[in-house]
Structures are given as C-alpha cells and as structure tokens.
There are 2 protein chains.
Amino acid sequence: MLQLTKRTEYGLIALVHIAERGAAGCEFVSAREICDRYPIPRRLVAEVLKALQRCEIVESQRGPTGGYALARSPESITLGQIVTALEGAPPLTSCESPILLKSGGCEVHSVCPIRSPVHRVREQLWGLLEHTSLRSLLPPATQAHYAPRAAHAR
Amino acid sequence: MLQLTKRTEYGLIALVHIAERGAAGCEFVSAREICDRYPIPRRLVAEVLKALQRCEIVESQRGPTGGYALARSPESITLGQIVTALEGAPPLTSCESPILLKSGGCEVHSVCPIRSPVHRVREQLWGLLEHTSLRSLLPPATQAHYAPRAAHAR
DNA sequence: TCCAAATAGCACCAAAATGGTGCGCTTAGA
DNA sequence: TCTAAGCGCACCATTTTGGTGCTATTTGGA
Ligand code: SF4
Ligand code: SF4
C-alpha cells in the first residue's frame, strides 16, 4: 500500500513537537511530554525516537532532565531520511528492496517488463521525499524561528 | 509501507502485455497467455483484471476466443488510475483513507500537527502518479505504435 | 547517598493486510 | 454440445503492523 506506517506518523509528530519546543528554548524533550500532548502510546514514541537516533536525526539524553533533541537543523532533515530510518528506503516494488530479497527474490525478475519503467517512478518519488524538509512540515510560526539558521544549515 | 502491492505489479505487467499484444493486432488477450509468458498465478491475474475492468480500464470477453483488451488508449490510462483501481487512492496517512475510517478514525486527528503538511506531500505524490501514463511504461517499440493514436486519445 | 525519572533493550502478542487457492457457475465460439 | 475462456465467492497461511511487559541502565537532584 502507498501509505506511511503509523510508526512513521508518530515519528513525524514527535519530530515536529521537538522542533517546536526546541524553538521555544527547550533543550531536551521527554517522550512523556510528547504523549502528554498527543494521544499516542509512549512506548512506541520511544521506539521510534530510538530508531531516529540511530540514524543521527535526533540526540538522546538519559536521566531525569533527559529526553530527545534534534541532532541537526530542521532544514537539513528530509522526509526521505525520516521514512528511510523508520521503514527503510521506499522500494515501490519488491525487487527494489534489498531487505525483501531474502525470500529468493522475485520469480518474474528476469522477464519483468515493468521493472525499469517503475524504477523511474520510484526515483521521482524519492526525489519528492528528499526535497521535503522537516522545516517545511513545521507550522509557519516555528518555521520563522528556524529561518535565520537556514544559512548555516545548508 | 511505501510499496506497491504484488497485485498492482501483476496488474501493471498484465496491462503492459495486453498493450503490446494489442499493438501486434491481437484483439483479446487471455489470462492463460499472460501467465504463459510470466510466472505469475493465473487466478490472481484474473482477479486483478476483473478489478481493472470494473474501473473501465480493460474490457473483457468471455468464451473460447475471449480475454482482455484495453478499454482506452494507453495514453489516457494513468498509473494513478491503475493504483486506485487495485488498492484504492493512495492515502499516505491513515486519516486520508476514507475506507480506513471504519475503526473510529484517528485519535490524534483533532490535534494532529502533521495532517496538513503531509497532505501537501500526498498531493504531489498523486500528481506524480497521475502524470505517468501506461504508454510511458511500455517499451519504446510499442510506444511508437501508439504514438499516432495520441491525438485522439487526449 | 539514594530516589525518581528518564532512555535502552529485548521478547512477546493480537489483529490486520497480503498473497494465494478451491470450486463451481456462466458465456460463447468451433 | 464440447470446451476454453471469464466470474463469483469463500477460504486459508504467512507476513506485517501496531502495541505491550518487563527489566536494565543512566543521571539530576532532594
Ligand atoms: S521483478 Fe517485476 S514483478 Fe518482480 S518485484 Fe520487481 S517489479 Fe515486481
Ligand atoms: S490525524 Fe495525524 S496521526 Fe492521525 S492518521 Fe491523520 S496524519 Fe496520521
């Protein structure tokens, strides 16, 4: 299905919230705070944030005042990176996914007439995701806060 | 996951094959012939083609010499239409899918900070699919055959 | 010093989507 | 009238998804 996973949605919500709080001067945002604001299960948020931390999209801090913070500027975090971190690079077709080749690959592969043309579509889709930054997902007010940083972000 | 369903892939393969045979002068292409050429289960092809027929993308003919044929020119059949026919309009997020609203909808909906920005991305994705025609998925030789028809197709 | 609040890791589960079949019915050309 | 084709509906097994339990481990502050 051409649909983002719930985990990815939660990740996006968390990232947007962290960026908003970061713009307000907060250093680390806890998972509890996020689930306080949005009715999403705390454990999932932790799970998702951890995955994002592995991909160096957020940083985490333990302890009572700990939590999560963006590891980079919202300008330089793309939707493509987020999706890749949470559900792997969008394959569009099964054979494009290096992970799903476990089951012996696709039977049709050698004679498949749509592999190459669909691959082109995938490239376009990927471009779409890569050109959408986290910043562009933020509400206008928060976007404005990050605007001056745009220069050093690129 | 941002991945086409196997049924959709089979549908695309079938459509490409039907278009190719159509270009070669064949009136109706049987499901057997398609599965003869590509190692895909016959029943699934029938299932998929039937769905495409309901959306008036292909026409079907029963009886010994029966089979399937494109209902419109490859120029006017878009990837978006095919995907919509086989897995519904790409929702990207759960709340965009009118079908998945059965389970009471999304808890986050009323306070969701990503609904509107992600909706914009969805529009772009949709545009991408709508601007990819079946003809552009065909191999160059077959594409050439359909070129002269392009005028009356639009 | 010790507690409480926070992340980290791992296994586990139930429900849903997905890929795929069985089997009998209907159509229609040879 | 035989047979090759599509049609309809229910059914199944596997995988993915969304979600939880429980137990470390870190760390600021009373
Ligand atoms: S080879 Fe063709 S049918 Fe097989 S997964 Fe790739 S695109 Fe799909
Ligand atoms: S409301 Fe937000 S969280 Fe809920 S499905 Fe829509 S985008 Fe996802």
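Note on naming: letters A, B, ... go to the chains in the order of the sequence lines (proteins, then strands), and numbering restarts at 1 for each one.
Nearest-nucleotide positions on DNA chain C place A:A31 closer to the 5' end than the other of A:A31 and B:T65. Comparing B:P64 and B:T8 by the nucleotide of DNA chain C whose heavy atom lies nearest to each, the residue mapping closer to the 5' end is B:T8. Mapping A:R62 and A:L44 onto DNA chain D by nearest heavy atom places A:L44 at the nucleotide closer to the 5' end. Along DNA chain D, the nucleotide closest to B:G67 and the one closest to A:P41 are compared, and the more 5′ of them pairs with B:G67.
Taking atom CE of B:M1 as the reference point, atom P of C:dG19 lies 9 Å away to the nearest angstrom. Atom OH of B:Y10 is separated from atom C1' of C:dG19 by 8 Å (rounded to the nearest Å). Distance, B:E9 CD to C:dT18 P: 13 Å, rounded to whole Å. A straight line from CZ of A:F28 to C1' of C:dA6 spans 12 Å, rounded to a whole angstrom. Residue B:E87 contributes atom CD, which lies 13 Å from atom C1' of C:dG19 at whole-angstrom precision. Atom P of nucleotide C:dG19 and atom CG of B:L4 are separated by 10 Å, given to the nearest angstrom. Distance, A:E33 CD to C:dA5 C1': 14 Å, rounded to whole Å. At whole-Å resolution of the value, NZ in B:K50 and P in D:dA10 are 12 Å apart.
Backbone-only contact: B:Q53 has heavy atoms under 4.0 Å from sugar-phosphate atoms and none from a base. Residue-level contact check: A:E47 touches the bases, meaning some heavy atom is under 4.0 Å from a base atom.
Phosphate proximity of C:dG19 to B:T5: present, with a side-chain N or O under 4.0 Å from OP1 or OP2. The phosphate of C:dA6 has OP1 or OP2 within less than 4.0 Å of a side-chain N or O from A:R32. Within the structure, a side-chain polar atom (N or O) of B:Y68 is placed less than 4.0 Å from OP1 or OP2 of D:dC7. Dashed line: the shortest gap from a side-chain N or O of B:S60 to OP1 or OP2 of D:dC7 is under 4.0 Å. A sub-4.0 Å separation between OP1 or OP2 of D:dG28 and a side-chain N or O of A:Q61 is present.
Counting atom types as modelled, A:R7 pairs a side-chain N or O with a base atom of D:dG19 as donor and acceptor under 3.5 Å.
Nearest heavy atom pair, residue A:S60 against residue A:F28, reads C-CE2, 4.3 Å.
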>> Applying side chain to side chain donor-acceptor pair (under 3.5 Å) to A:E75 and A:S133, what does each step give before you reach the verdict?
In response: CA-CA 6 Å; A:E75 190 78 25; A:S133 72; 4.9 Å; no
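Taking 4.0 Å as the cut-off between side-chain N and carboxylate O, B:R21 and B:E33 count as a salt-bridged pair. Salt bridge annotation for B:E47-B:R7: present, with a cationic side-chain nitrogen under 4.0 angstrom from a carboxylate oxygen.
You'll find the side chain of B:E96 stays beyond 4.5 Å of the side chain of A:Q3, heavy atoms only.
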